[in-house]
Amino acid sequence: MPGEASHFAVVLERIARNALAQFRDISDVDINSPLELPESNTAFVLATHLIGSAEYWVLELAGGRNVQRDRRSEFRATGTGAELAARYERWLAAMQELLYTLPDERLDQLVSVPASYHPTLVEEPMTLRDALLHAIEHCALHQGHLELTRQLLGYSPAGAQ
């Protein structure tokens, strides 16, 4: 029977699928086009940062994999929607495999998060459960940014006719 971590997997998949819907039909020119707003990011940058953080917080911290994340380069990333979609699908498969089999007792295990990644100002130890909750919070935030960016690029809301 799936444990508590499977509930995290369901929410993370919903967020990732919603993010995919935001950029799947955007042209490769538009996905890399900056908005006419100060300090905004392209849709490609937002989607890259979302999946980069998801890979780190879930696959590396919870799964013990070395994802070799370069957070700074995420904010300069360019590419195609197809490349992004493939990366999301790979992450979804790996995330589901990990979280649907993760024993509940591992959720209370402490994880080591570099100070530059720590999501709070509170200097408390972070558990694997805390890391997964942070992944959900962070991914949901950027999924919302993608929705707004899509609309500011002139596209109808994803799923609208």
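No hydrogens, no waters, no symmetry mates; every other heavy atom, side chains included, goes into these values.
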Are any of the side-chain nitrogens in D104 or R129 under 4.0 Å away from the carboxylate oxygens of its partner?
no
Do L148 and L20 land in one hydrophobic cluster if side-chain heavy atoms of ILVMFWY residues count as linked below 4.5 Å?
no
Assigning hydrophobic clusters by single linkage (Ile, Leu, Val, Met, Phe, Trp, Tyr; side-chain heavy-atom cutoff under 4.5 Å), is L35 placed with F23?
yes
Close side-chain approach of V58 and L132, heavy atoms under 4.5 Å:
yes
Hydrogens and angles aside, do Q143 and E147 bring a side-chain donor and acceptor to less than 3.5 Å of each other?
yes
Go through the steps to decide whether H142 and H49 satisfy the test side-chain contact (heavy atoms from CB on, under 4.5 Å), and finish with yes or no.
CA-CA 8 Å; H142 291 305; H49 178 62; 3.2 Å; yes
Determine whether R150 and D25 make a side-chain contact, defined as any pair of heavy atoms from C-beta on separated by less than 4.5 Å.
yes
Heavy atoms of P157 and Q151 approach each other most closely as CG-NE2, 3.9 Å
Taking C-beta and beyond as the side chain, do Q22 and T149 meet within less than 4.5 Å on heavy atoms?
no
What is the minimum heavy-atom distance between A158 and A21, and which atoms define it?
CB-O, 3.5 Å
So, taking the atom named CZ in R17 and the one named CD1 in I15, what distance separates them when rounded to the nearest 0.5 Å?
13.0 Å
Go through R69 and S53 one step at a time and tell me if the side-chain contact (heavy atoms from CB on, under 4.5 Å) criterion holds.
CA-CA 8 Å; R69 182 182 187 199; S53 69; 3.6 Å; yes
The reported gap from CE in M126 to CG in L133 (rounded to nearest 0.5 angstrom) is 9.0 Å
To the nearest 0.5 Å, atom OG of S33 lies from atom CD1 of I26 at 10.0 Å
Donor-acceptor contact below 3.5 Å, side chain N32 vs main chain G79:
yes
Co-membership, hydrophobic cluster, residues V29 and L152, 4.5 Å side-chain
no
CG-CG distance between L102 and L107, expressed to the nearest 0.5 angstrom
5.5 Å
Drop me the distance from L50's CG to E74's CD, to the nearest 0.5 angstrom.
9.5 Å
Can you get from V45 to Y155 by hopping between Ile, Leu, Val, Met, Phe, Trp and Tyr side chains that sit under 4.5 Å apart?
no
Could you check F75 against T48 for side-chain contact (heavy atoms from CB on, under 4.5 Å), going step by step and ending with a plain yes or no?
CA-CA 8 Å; F75 294 96; T48 299; over 6 Å; no
Spatial distance of atom CD (Q96) from atom OG (S6) [nearest 0.5 Å]:
11.0 Å
Are side-chain heavy atoms of D30 and F44 found at a separation under 4.5 Å?
no
Minimum heavy-atom distance between D28 and G81, given as atom pair plus value
OD1-N, 2.9 Å
Is W91 close to R87 at the side-chain level, that is, under 4.5 Å between some pair of heavy atoms?
no
Return the minimal non-hydrogen interatomic distance between L110 and P125, and the atom names on each side.
CD2-CB, 3.6 Å
For the side-chain contact (heavy atoms from CB on, under 4.5 Å) test, which of I51, N41, L141 pairs with L46?
N41
What one should report as the nearest heavy-atom pair of A135 and W57 is CB-CB, 3.8 Å
Does the side chain of D130 reach to within under 4.5 Å of the side chain of V111, using non-hydrogen atoms?
no
Please evaluate residues L12 and I136 with respect to the criterion side-chain contact (heavy atoms from CB on, under 4.5 Å), reporting the C-alpha separation (whole Å), side-chain torsions for both, the decisive distance (0.1 Å), and the verdict.
CA-CA 6 Å; L12 285 164; I136 288 171; 3.7 Å; yes
Please report the closest heavy-atom contact between R24 and A85, naming both atoms and the distance.
NH2-CB, 4.5 Å
pair E60-N66: side-chain heavy atoms closer than 4.5 Å
yes
Minimum side-chain heavy-atom gap M95-E13 below 4.5 Å
yes
